[in-house]
Amino acid sequence: MPRDVLISVMKKHQRYFPIQKDGKLLAHFIAIRNGDDIHIDIVREGNEHVLGARFADANFFVREDVKLKLEEYRPKLSSLTFHTKLGSMLDKSDRMLKLGAEIGGLLGFKDMPLIKTLARGLSLQSRPGHTDGHRDDLPARHHRR
């Protein structure tokens, strides 16, 4: 699984501290608990078990996400409300594309590959937090480009 996903699961879901050495993620983590060291082995085993289950969930969502290109998820934004008075996430994304085009023109952007890259970035920034729309707490950077 992608390193960012593993770290996200440890930090955000379980509030564990991942251990890294020389920039590489190790197969260890630090967990903080209240109380003394009574039954610490049971607590450690429980933490490891829960983290394993979270990793399995994350692995499933990563595998599901890469089945489609990010652009293919864009139409689903219409079913997600951005704000009751401002419409869907797709409406927001469309407004950002329009605004981006206007700002690009003001800045004098004329390089078509750059303009296309910026437009793609704007259109993808409004994607659901996780492309299946349910797991908005896992990084989507694992998605193929």
Side-chain angles (χ1 to χ4, degrees), residues 1-104 106-107 109 113-145:
M1 250 191 318
R3 179 181 185 277
D4 288 343
V5 172
L6 295 171
I7 289 173
S8 176
V9 168
M10 283 189 268
K11 287 177 136 182
K12 292 181 181 178
H13 291 283
Q14 300 307 125
R15 295 192 174 102
Y16 296 160
F17 298 94
I19 305 297
Q20 300 178 58
K21 183 175 182 179
D22 299 326
K24 298 204 187 273
L25 191 60
L26 301 180
H28 303 284
F29 62 91
I30 296 173
I32 308 297
R33 78 170 204 137
N34 294 329
D36 53 27
D37 62 354
I38 296 175
H39 305 297
I40 195 73
D41 289 337
I42 294 171
V43 172
R44 180 184 45 79
E45 288 173 15
N47 287 340
E48 291 170 351
H49 177 76
V50 168
L51 188 59
R54 291 285 191 173
F55 283 161
D57 289 347
N59 188 42
F60 169 79
F61 287 111
V62 167
R63 284 194 328 266
E64 287 300 305
D65 278 358
V66 298
K67 288 180 179 178
L68 298 175
K69 293 181 180 179
L70 280 174
E71 289 84 356
E72 294 176 88
Y73 287 100
R74 191 168 190 274
K76 293 181 180 185
L77 293 173
S78 65
S79 66
L80 298 173
T81 301
F82 170 62
H83 188 279
T84 55
K85 295 182 179 179
L86 298 175
S88 71
M89 290 296 290
L90 184 59
D91 296 329
K92 174 189 173 193
S93 180
D94 289 342
R95 287 191 301 270
M96 291 189 68
L97 280 170
K98 183 179 177 190
L99 182 60
E102 291 175 17
I103 291 172
L106 290 172
L107 295 174
F109 290 168
L114 174 62
I115 292 170
K116 286 182 177 180
T117 300
L118 293 172
R120 182 175 187 265
L122 282 170
S123 71
L124 296 179
Q125 71 77 33
S126 293
R127 60 137 183 78
H130 200 293
T131 46
D132 70 10
H134 299 290
R135 299 296 299 251
D136 61 354
D137 43 8
L138 294 177
R141 284 178 280 180
H142 65 272
H143 211 288
R144 62 182 167 211
R145 307 280 184 260

*Asks:* Mind checking whether D91 and L86 have side chains closer than 4.5 Å, heavy atoms only?
*Replies:* no
*Asks:* If you round to the nearest 0.5 Å, how far is CZ of R95 from CG of L90?
*Replies:*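 L90 CG to R95 CZ: 10.0 Å, rounded to 0.5 Å.
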*Asks:* Listing request: all ring pair (Phe, Tyr, Trp, His ring centres under 6.0 Å) pairs with a residue in residues 38-58, at least two apart in sequence or in separate chains.
*Replies:* none
*Asks:* Which heavy atom of P2 sits nearest a heavy atom of V62, and at what distance?
*Replies:* CD-CG1, 4.3 Å
*Asks:* Let me confirm one number: the CG-NZ distance from L77 to K92, rounded to the nearest 0.5 Å.
*Replies:*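 These two atoms lie 9.5 Å from each other.
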*Asks:* Counting heavy atoms not belonging to F109, are there more than 12 under 6.0 Å from its CZ?
*Replies:* yes
*Asks:* Does any pair with a residue in residues 14-35 pass side-chain hydrogen bond (donor to acceptor under 3.5 Å, both in side chains), and if so which ones, sequence neighbours excluded?
*Replies:* R3-Q20, Q14-R54, Y16-N47
*Asks:* For residues T84 and T81, report the shortest heavy-atom separation together with the two atoms involved.
*Replies:*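 Answer, listing the atom of T84 first, then T81: N-CG2, 4.0 Å.
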*Asks:* For the pair D94 and R74, find out whether any cationic side-chain nitrogen is under 4.0 Å from an anionic carboxylate oxygen.
*Replies:* yes
*Asks:* On a heavy-atom basis, which atom in R63 and which in K67 lie closest, and how many Å separate them?
*Replies:*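 Heavy atoms only, the tightest pair is O-CG, 3.5 Å.
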*Asks:* Which atom pair, heavy atoms only, marks the closest approach of S78 to S88?
*Replies:* O-CB, 3.5 Å
*Asks:* So, the side chain of T117 versus the backbone of P113: is there a donor-acceptor pair under 3.5 Å, distance only?
*Replies:* yes
*Asks:* Would you compute the distance between atom CG of N59 and atom CD of E64 and round it to the nearest 0.5 angstrom?
*Replies:*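 Here the rounded value is 10.5 Å.
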